[in-house]
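In what follows, a single structure is set out as structure tokens and then discussed.
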Amino acid sequence: MTDDVVMDKEGKRIVLHGPEGFEAMRKAGRLAAETLDYIGPFVTPGVSTGRLDKLIEEFQRDRGGIPATLGYHGYPASSCISPNHVVNHGIPSDDKKLVEGDIVNIDVTVILDGWYGDSSRMYFVGGKIGVKARKLVDLTYRCMMAGIAQAKPGNHLGDIGHAIQTMAEAARCSVVRDFGGHGIGQVFHDAPHVDHYGKPGTGVELRPGMVFTVEPMINAGRHEVKILSDGWTTVTRDRSLSAQFEHQIGITEDGCEIFTLSPAGYTQPPYGDAA
Ligand code: MF3
Ligand code: CO
Ligand code: CO
């Protein structure tokens with residue numbers, strides 16, 4: 001069976017997934033979410049991000065999954081682990097140890113039976129998290145969910161971006177412009193591109209079957225970022241803290257389905273006794 005497509009304004013094809021695609025991404029999304037549930041208890045002061053990456057790879061392979069980032073455009077690891085002022089694409093390393101008080105994003109993408117599941121969450125390292133850091137993490141989670149609340153047929157991508165931007169800027173924080181969410185399915189990064197800022201009623205109109213991520217990066221300071229000399233690690237230009245959450249969603253007849261909800265019921269940190 002071939003999927004329906006619609007064109008975005010640049011003529012890129014946006015796949016409208018059918019029930020088989022939804023069922024496959026339910027499974028891939030669940031494995032991504034299970035990976036994020038699993039890793040929580042290991043996120044403690046002194047752990048290296050390289051060790052977390054190894055655990056993530058092992059967890060996914062043991063369940064029939066393949067870490068999607070490994071070798072993706074030359075990316076060298078099975079996850080992205082981005083502490084503090086790192087915005088995204090932090091490369092895990094045995095030399096990079098997390099310390100008490102860090103906030104850190106862990107972003108995992110798994111391929112299961114040819115379908116992609118992509119999700120990320122913030123974690124607290126230890127129990128002594130500064131009030132500004134905690135507020136930024138809470139704000140970023142609420143921004144993601146406010147964006148997802150706009151994801152329904154007849155709304156436009158700009159409604160999602162606008163909801164996120166409005167909430168972030170009301171808290172005197174800023175939305176990263178240089179990265180966005182993305183269509184996803186049997187490829188990792190597909191049309192449409194999903195800005196986390198924008199104007200209501202603009203951009204692609206949402207239709208049942210569209211599947212994409214909502215993954216806002218919110219900075220405590222200014223929105224500008226720069227990429228370090230490793231070609232991947234993105235940091236805030238002003239070295240302010242940055243946070244991110246990511247869900248993968250599918251547009252349904254009357255709203256959307258989140259494929260990457262935590263089976264353990266976790267939303268944002270702290271994650272109960274386990275973490
Ligand atoms: N998982 C990231 C996203 O949400 C992409 C990481 S690509 C990598 O789109 F190559 F940096 F790993
Ligand atoms: Co993504
Ligand atoms: Co991701």
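Ligands are counted one by one from 1 in listed order, and the atoms in each one are counted from 1 as well.
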- Within-4.5 Å side-chain heavy-atom neighbours: Met217 and Arg177: no

- Query: Should the pair Glu23-Arg26 be classified as a salt bridge under the 4.0 Å nitrogen-to-oxygen rule?
  - Reply: yes

- Expected contact list for ligand 1 at under 4.0 angstrom, heavy-atom basis, is Thr69, Tyr72, Tyr75, Cys80, His89, Asp107, Thr109, Asp118, His182, Phe188, His189, Glu215, Trp232, Glu246

- Would a 4.5 Å heavy-atom cut-off, applied to side chains only, mark Met145 and Ile258 as touching? yes

- Message: Taking backbone and side chain together, does His189 place any N/O/S atom at a distance below 2.8 Å from the Co ion (ligand 2)?
- Response: no

- Query: Is any side-chain heavy atom of Tyr197 less than 4.5 Å from a side-chain heavy atom of Pro216?
  - Reply: no

- Message: Salt bridge or not between Arg134 and Asp138? Use side-chain N to carboxylate O under 4.0 Å.
- Response: no

- Item | Nearest-0.5 Å distance, OG of residue Ser79 to CG of residue Asp107 | 8.5 Å

- Message: Give me the number of protein N, O or S atoms whose distance to the Co ion (ligand 3) is under 2.8 Å.
- Response: 4

- Asn219 and Leu241: side-chain contact (heavy atoms from CB on, under 4.5 Å), yes or no, with the steps? CA-CA 6 Å; Asn219 297 347; Leu241 289 177; over 6 Å; no

- Asp37 and Arg121 ion-paired at < 4.0 Å: yes

- Answer with yes or no whether the side chains of Asp4 and His17 bring together a donor and an acceptor at under 3.5 Å. no

- Is there side-chain contact between Leu36 and Ser119, with heavy atoms separated by less than 4.5 Å? yes

